[in-house]
Amino acid sequence: MKRSRTIVLSAALIMIAAGVFAWFLNRGPERVDDAAGTPGNARVTGAVTAKVAPPVLSVPAVARLNRAPSAAPTSEQRRPPEDVLNAFSSSDTKSRWKSHLEAGRPLRFTGGRIRAVVGDPARENQLLGELGVSLGLGPNVVFHREQKSTGNLTIVDQQQRFMFESGTSFPVFGAKLRVFANRLGEIFMIQNETRTVDLSIEDTPALAAAEAIQIVAAHLQDQEFELRIYDPSLVVYADDRPHQLAVQVLSSKVGSSRLLLVGQSTRTVIRDIELTRN
Amino acid sequence: MGKAGQVLLALGSFVLIVTFQNCGQGFQGARFSLGEKSLMSGEDERAAPNVNPNPFDERGSEPISEPVSGPVLETWNDLYPAPIAAADCLDNPDYNLCLSYKDPVTTNGGQALSPALSSVSATLTQEKKVFSYGVKVPATGPLVNDNFLLELGGLTAVMPTSAGDWKVRVNGDAHHGMAQLHSWYWLNREISYFLERTGTFYATASHTQRKLTVRPYMAEIRNNAYFRASDYSLSFGYSDLNQGGQKVAIALDGAVMTHELGHANLYAANPGTILNDRKAVLCFSNTAACCSNSDGCMRAIHEGVGDLHAKFVFPEADGSMADFLMNSDAGLPARDLDQMESSGLTAGQLFARSGGEVHLFGMAYASIWYGVWKKAKSSGNEKEIETLFMEHLAALSGDDTFLTAYTAIAALADELFSATRAGQIKADFEEGYNRLGLAL
């Protein structure tokens, strides 16, 4: 009896602790201007996270969330992305869109031309929604729009986020659609870095920052690294299965800086990225 | 030994350098500590710059050249003009800043520097010879503008001499003022070069909404320099390779600097080129990265793109890399674009011989671009290729290989140029891919 009371008490304490950390970690998704997975300047260690410098390419002034369609069609129902793009193309152009695959996944679409879409929110959303469906992105996808110009082109980034039933959304790590338009606003190339995310993914942040850092420290086996929680602290990781929420941890030392993703389901380092190039 | 054999030998040598260049670098206390105590031994703190009104006046009776109309930088935020050759720059009042073109070894006619151009051993004669490209810059410091933030640690920020110019000595300067000036000017010049010629550069404050931090001299970094995405910074260490036991500032090597800013530029063009790069694997005792097959990978493209930035910014110099770092006109022979082209190596052969090490294997991608650029240059059209190059950076992704990158190149060529010109450029690229044995 005494033992079972102890177990219940312990479980309650763990749940309270988890709840506190979940609240703390869950503050991240309130920001919608984080570029998914874009390194920022989080400078936090241990169990405290602070919101600090914005990510490199954040342009909050033009932020807008675009929802994908609410129903996920089956692969049989989906149109090929090239067909979607051709349907949006001007009838007076003979060009046809072509999909370039890498490892079986559409990496880039070129060859066609779509007019009067960039800068027209309704048409942009329609194209985004239909293209998202054709890429199998499912209903829980929202996009965060950023527009930039080069000397010759306009680039529209649609950062992919995954929205849970609760209404909170997290950036999908490394996932975006990048649309290239010429000076006339005509789309001529689309780069696909989106991910299809499992709908069964757990939505409750349940991995404490301190635990994530401990897991990374064990993974690195090198006490010379300085470890910090990165900004944004939580992302949806859908590069490998199981898809899961992941805590981003930055490790730094002279000559090396690594971004490590700790999966909250597997409680392991699921991605280790060297951020230094020499 | 044939050219392919020479390249093989060079590849082997460079793999050793790449493998061991980080030996001995440990995290020592606070990050980026550049305290004076950590500087090289034997330094003379009293010999810092700004003490002598004209540190180059030992031969003050030398004739001063006729005034010339040289390049002028009005403010630190303007576009930086290319310095012009002026053999008497350090004695010529028309210029208040004297730099090397590409690097001190190249400016020295390709001759290795002996003694080394270090703060301990540099001679006045050497400095007059290698800092012989002049420009007129603002007379007041510090070095600040919208695009860069110099982070000096314990070093003192370089300021004008009491004579009112920026002609500081290397010798006796424990604060590496010349390294500060050289990195500042050439990094800014790189941005200016591409903006003037192509209209595009991504690693600018206007594009990223933040400054790129530059650490011109880090005593903790041996034989290395790097871009770091996590804090958006460039760091330059010292070289003791072929330097007669001395340590020289890598920030004096313009090709290395512009290469590193090339990394920053590609990252700023699309962070996915680092975050989504999954095709490279650790290799050579886990100290380096290698592509896993001969199609190439983004990490190698990153290196090739860096080398191309360096080549384009110094169009009049040869295709070698890191001449000053290696104190040799050959630099790192396996990174010489001209040698790569003349060797006739295919990507498959290069992959086999380099193990896919990304710096070496990235030469395959760089070589394709270099060939197209040289052909365009022969007819005065290289600016078009530089424009295509700059725009294609934003179209690269972490999943790209040498082969898939062509799909972006072709689409952009069709968009940027007339149908006839685009067709010619695409044909030139296809020829380059064929030369490398890469079937599109």
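In what follows, chains carry the letters A, B, and so on, assigned in the order in which the sequence lines appear, proteins first and then strands, with residues in each chain numbered from 1.
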With a 4.5 angstrom heavy-atom cut-off, which part of A/Asn192 approaches chain B: side chain, backbone, both or neither? neither

At a 4.5 Å cut-off on heavy atoms, which part of A/Lys98 comes close to chain B: side chain, backbone, both, or neither? neither

Winner by heavy-atom pair count (cut-off under 4.5 Å) against chain A, out of B/Leu195, B/Leu396, B/Leu403: B/Leu396

Please rank A/His100, A/Glu102, A/Arg108, A/Met189 by heavy-atom pairs under 4.5 Å with chain B and give me the top one. A/Arg108

Salt bridge (charged side-chain N to carboxylate O under 4.0 Å, His left out), that's the test. Do A/Asp240 and A/Arg271 meet it? Break it down for me. CA-CA 9 Å; A/Asp240 304 297; A/Arg271 191 77 189 274; over 6 Å; no

Given B/Ser397, B/Gly398, B/Ala410, the one with more heavy-atom pairs under 4.5 angstrom with chain A than any other is B/Ser397

Counting heavy-atom pairs closer than 4.5 Å to chain A, which one of B/Leu416, B/Thr198, B/Asp414, B/Asp400 comes out on top? B/Asp400

Could you look at B/Leu282 and say if it's the side chain, the backbone, both or neither that has a heavy atom under 4.5 Å from chain A? neither

Assign the ring pair A/Phe180 / A/Phe188 to parallel, tilted or perpendicular, where the plane angle (0 to 90°) is split at 30° and 60°. tilted

Which of the residues B/His302, B/Glu260, B/Arg278 is involved in the greatest number of heavy-atom pairs with chain A at under 4.5 angstrom? B/Arg278

Indicate, with yes or no, if the rings of B/Tyr365 and B/Phe402 have centres closer together than 6.0 Å. yes

Choice from A/Gly151, A/Ser256, A/Ser149 maximising heavy atom contacts with chain B below 4.5 Å: A/Gly151

Examine whether an atom of A/Arg258 lies under 4.5 Å from a heavy atom of chain B, and if so say whether it belongs to the side chain, the backbone or both; otherwise answer neither. neither

Closest-packed option against chain A by number of heavy-atom pairs under 4.5 Å, given B/Ala411, B/Gly199, B/Ser206, B/Ala394: B/Ala394

